[in-house]
Participant: 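One structure follows; several queries about it will come next.
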Amino acid sequence: MNRYRQYMYSYPHKTAYGPLTDLRLDDYKPRLMAPGAVNSLYFHVPFCEAKCGYCNLFSLAGQAPELVEAYLEAMARQIEQYQLAEVTFTDLTVGGGTPLYLSAAQLERLLALAAEGVHFQTAKPPIIIETSPRQTTAEKVQILKAHGVCRVSLGVQSFHDQELSALGRLHRRQDIERALALLQQADFECLNLDLIYGVPGQSEQSVLASLRLTLAYEPDEIFLYPLYVKPGTPLYRQGQRVSDEAYALYRALRQKLLEAGYTQTSMRRFVRTLAKEDVWDGCGFAEHTLAIGCGGRSYIDELHFCVPYSVRPAGCARILQAYLQKADHQVIEHGYILSPAERKRRFLLKNLLYYRGVPLKAYTALFGCSPLDDFPVLEEWRAAQWLVGDEGDYLRLTEAGLDLSDYLGPELISPEVQAKMEAWRDE
């Protein structure tokens, strides 16, 4: 059994997307304005200092300040054309790329865009942002604080310089320690640190040493990512693949985190203080995300859309130029419209891989049936003790099932989506 088949952070994957015609955002905007709609805003910054050895995200390395300025202007045009003051948003996430790759002035401009023609539910909405150690400066941290950023995620990956080199990361341990000192001093509401396991040359001793150093900073969240090596990445071209030791390393890390008092909420996420939710109705279809920028995905009910996907620098550069030159951002040209059957799969995946599980009453209310009827494979997983739960309650993965998230999730991909993913070529 290959435990590490695919990370199912969304469904369907962007490689299943294709051309769309005769669609405009205004056709779907009433969904964002409907009673009970929960809308998130996402800003995508596709720029990095360097392309990491394992990175298969839409990003470009080492771009000139002038290109970044043009990109911010394009984001401003997109916001203006979307007329977002008509929609109420609950929160903002800024991802990448590396958002703090921007200069201090550009970072100010980026965060100011959220106040220009955008309407939030509260005067101080939750703002989440990603950063890397070398890009985390005192000036930029103060800008984040001034704009009300509440959660910062820092890509540590490892405290060992040799492992960082193997990953193609440019930062070193001293950069991590300097960045963490700045972030701790700023005292953000939530500090998240990312670690990677399965790095070439990594041992249980070295990965646990990185975890001990991580825990010393008492982060609110820790994400453990297995090293995936996908086609099109530098590590793949070097012949690297997922480590045979990855699962053993994961189990060792998981045990230490539980002993340190962290709670596991997914295969990757561990939290120091678990938010109390009396009733879990699941991640359903009242939640929408609207992305601004080149590379982020938007989700409005059955409609998912974004720019075309590429990993290769040439492809990313071509797509970025098309975004900069786009005259009418209202036009939706690339994405996926989920059928009722695919919406069931999405609801099941987004909830099953989370520790609270699938709320059966919510599933029945949405679809008029039970997931156990729609997906007979769930009974097989229950017989294998990967799944527990009964009608009227929740379907939850057991500890063994949660460990298998990257195996079980891909099992739920439909044949249609799988065929589109396999047919995708990075041009």
Side-chain angles (χ1 to χ4, degrees), residues 14 42-76 94-111 113 129-141 143-144 152-158 161 163-176 178-179 182 194 196 199 227-238 240 291-296 306-326 426-427:
K14 284 198 288 188
Y42 180 81
F43 284 179
H44 188 251
V45 180
F47 306 115
C48 291
E49 182 183 21
K51 193 85 167 177
C52 299
Y54 53 87
C55 180
N56 70 329
L57 302 177
F58 184 95
S59 63
L60 286 161
Q63 300 302 300
E66 295 77 15
L67 181 65
V68 178
E69 292 289 347
Y71 183 77
L72 294 174
E73 287 301 318
M75 291 181 70
V94 185
T98 306
L100 269 65
Y101 173 81
L102 276 57
S103 69
Q106 290 168 342
L107 182 62
E108 282 270 16
R109 175 70 177 124
L110 174 73
L111 293 171
L113 288 175
I129 199 165
E130 301 170 356
T131 186
S132 291
R134 281 166 60 98
Q135 283 67 52
T136 306
T137 67
E139 184 179 14
K140 293 178 184 179
V141 168
I143 291 171
L144 300 185
V152 177
S153 180
L154 181 70
V156 171
Q157 318 313 359
S158 171
D161 290 353
E163 293 176 7
L164 292 168
S165 294
L167 290 170
R169 301 285 296 194
L170 295 185
H171 72 264
R172 295 294 179 261
R173 176 173 172 172
Q174 64 181 10
D175 299 311
I176 298 170
R178 179 191 52 77
L182 291 171
D194 294 343
I196 290 180
V199 181
L227 177 62
Y228 272 100
V229 185
K230 296 292 187 179
T233 63
L235 284 179
Y236 189 90
R237 292 192 293 270
Q238 294 169 19
Q240 295 290 346
I292 303 296
C294 186
C306 66
V307 301
Y309 174 59
S310 181
V311 175
R312 297 188 310 110
C316 291
R318 185 183 68 252
I319 294 165
L320 177 61
Q321 283 300 321
Y323 172 78
L324 296 179
Q325 297 166 15
K326 188 168 185 177
D426 191 2
E427 299 179 356

Participant: So does Val156 get a backbone contact from the side chain of Arg169, meaning a donor-acceptor N/O pair under 3.5 Å?
Facilitator: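 It does not hold such a pair.
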
Participant: Quick one: closest heavy-atom pair of Val141 and Leu182, and the distance?
Facilitator: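 For Val141 versus Leu182, the nearest heavy atoms are CG1-O, 4.0 Å.
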
Participant: Under a 3.5 Å threshold, yes or no: a donor from one side chain and an acceptor from the other, between Arg172 and Ser165?
Facilitator: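 Arg172 vs Ser165: donor-acceptor pair found between side chains.
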
Participant: I need the minimum non-hydrogen distance between Pro234 and Cys52, along with the two atoms involved.
Facilitator: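 Looks like CD-O, 3.9 Å.
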
Participant: Nearest 0.5 Å, what's the CD-CD distance between Glu49 and Gln135?
Facilitator: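 Output value for this atom pair is 4.5 Å.
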
Participant: Are Leu110 and Met75 side-chain neighbours, meaning at least one heavy-atom pair lies under 4.5 Å?
Facilitator: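 Result yes, sub-4.5 Å side-chain heavy-atom pair found.
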
Participant: So does Ala104 get a backbone contact from the side chain of Gln106, meaning a donor-acceptor N/O pair under 3.5 Å?
Facilitator: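 Not confirmed, Gln106 side chain does not pair with Ala104 backbone.
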
Participant: Using 30° and 60° as the class limits, which term best fits the ring planes of Phe47 and Tyr71: parallel, tilted or perpendicular?
Facilitator: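 Perpendicular.
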
Participant: Can you tell me if Arg178 uses its side chain to pair, donor with acceptor, with the backbone of Pro133 under 3.5 Å?
Facilitator: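 Yes; judged by distance alone, with no hydrogens or angles, the pair exists.
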
Participant: Looking at Cys55 and Val311, what are the two nearest heavy atoms and their distance?
Facilitator: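 Reported closest heavy-atom pair: O-CG1, 3.9 Å.
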
Participant: More than 12 non-hydrogen atoms from neighbouring residues, nucleotides or ligands closer than 6.0 Å to CD on Gln174, yes or no?
Facilitator: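 Not more than 12 within 6.0 Å, no.
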
Participant: Could you please spell out the steps behind the side chain to side chain contact (heavy atoms under 4.5 Å, CB included) verdict for Asn56 and Tyr309?
Facilitator: CA-CA 10 Å; Asn56 70 329; Tyr309 174 59; 3.8 Å; yes

Participant: Could you state the interatomic distance from OG (Ser158) to CD1 (Ile176), rounded to the nearest 0.5 Å?
Facilitator: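 It comes to 7.0 Å.
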
Participant: Distance check, rounded to the nearest 0.5 Å: Ser153 atom OG versus Asp194 atom CG?
Facilitator: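 Spacing of OG (Ser153) from CG (Asp194) equals 4.0 Å.
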
Participant: Given 3.5 Å as the limit, does a donor-acceptor pair link the side chain of Asp161 with the main chain of Arg173, or not?
Facilitator: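 Flag set: sc Asp161 to bb Arg173 pair under 3.5 Å.
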
Participant: Starting at OG1 of Thr131, measure out to CG of Leu107 and round the result to the nearest 0.5 Å.
Facilitator: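 So the OG1 of Thr131 and the CG of Leu107 are separated by 9.0 Å.
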
Participant: Please give me the minimum heavy-atom distance between Cys48 and Gly97, naming the atom from each residue.
Facilitator: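 Heavy atoms of Cys48 and Gly97 come nearest at SG-CA, 3.4 Å.
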
Participant: State, to 0.1 Å, how close Lys51 and Leu57 come at their nearest heavy-atom pair, and which atoms those are.
Facilitator: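 Nearest heavy atoms, Lys51 then Leu57: NZ-O, 2.8 Å.
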
Participant: To the nearest 0.5 Å, what is the distance between CG (Leu72) and CG (Leu67)?
Facilitator: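 Here the rounded value is 10.0 Å.
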
Participant: Please name the residue in the list Thr233, Leu167, Val229, Val199 that meets the side chain to side chain contact (heavy atoms under 4.5 Å, CB included) test with Tyr54.
Facilitator: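 Result for side chain to side chain contact (heavy atoms under 4.5 Å, CB included) with Tyr54: Leu167.
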
Participant: Looking only at non-hydrogen atoms, find the nearest pair between Gly155 and His171 and report the distance.
Facilitator: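 Heavy-atom minimum between the residues: O-CE1, 3.5 Å.
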
Participant: Is there side-chain contact between Leu144 and Leu111, with at least one heavy-atom pair below 4.5 Å?
Facilitator: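 Of all side-chain heavy-atom pairs linking Leu111 with Leu144, at least one is under 4.5 Å.
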
Participant: Mark yes or no for whether Tyr101, through its side chain, and Val45, through its backbone, hold a donor-acceptor pair below 3.5 Å.
Facilitator: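 No.
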
Participant: Nearest 0.5 Å please: distance from the CD atom of Glu108 over to the CD1 atom of Ile143.
Facilitator: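 CD1 of Ile143 is found 4.5 Å from CD of Glu108.
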
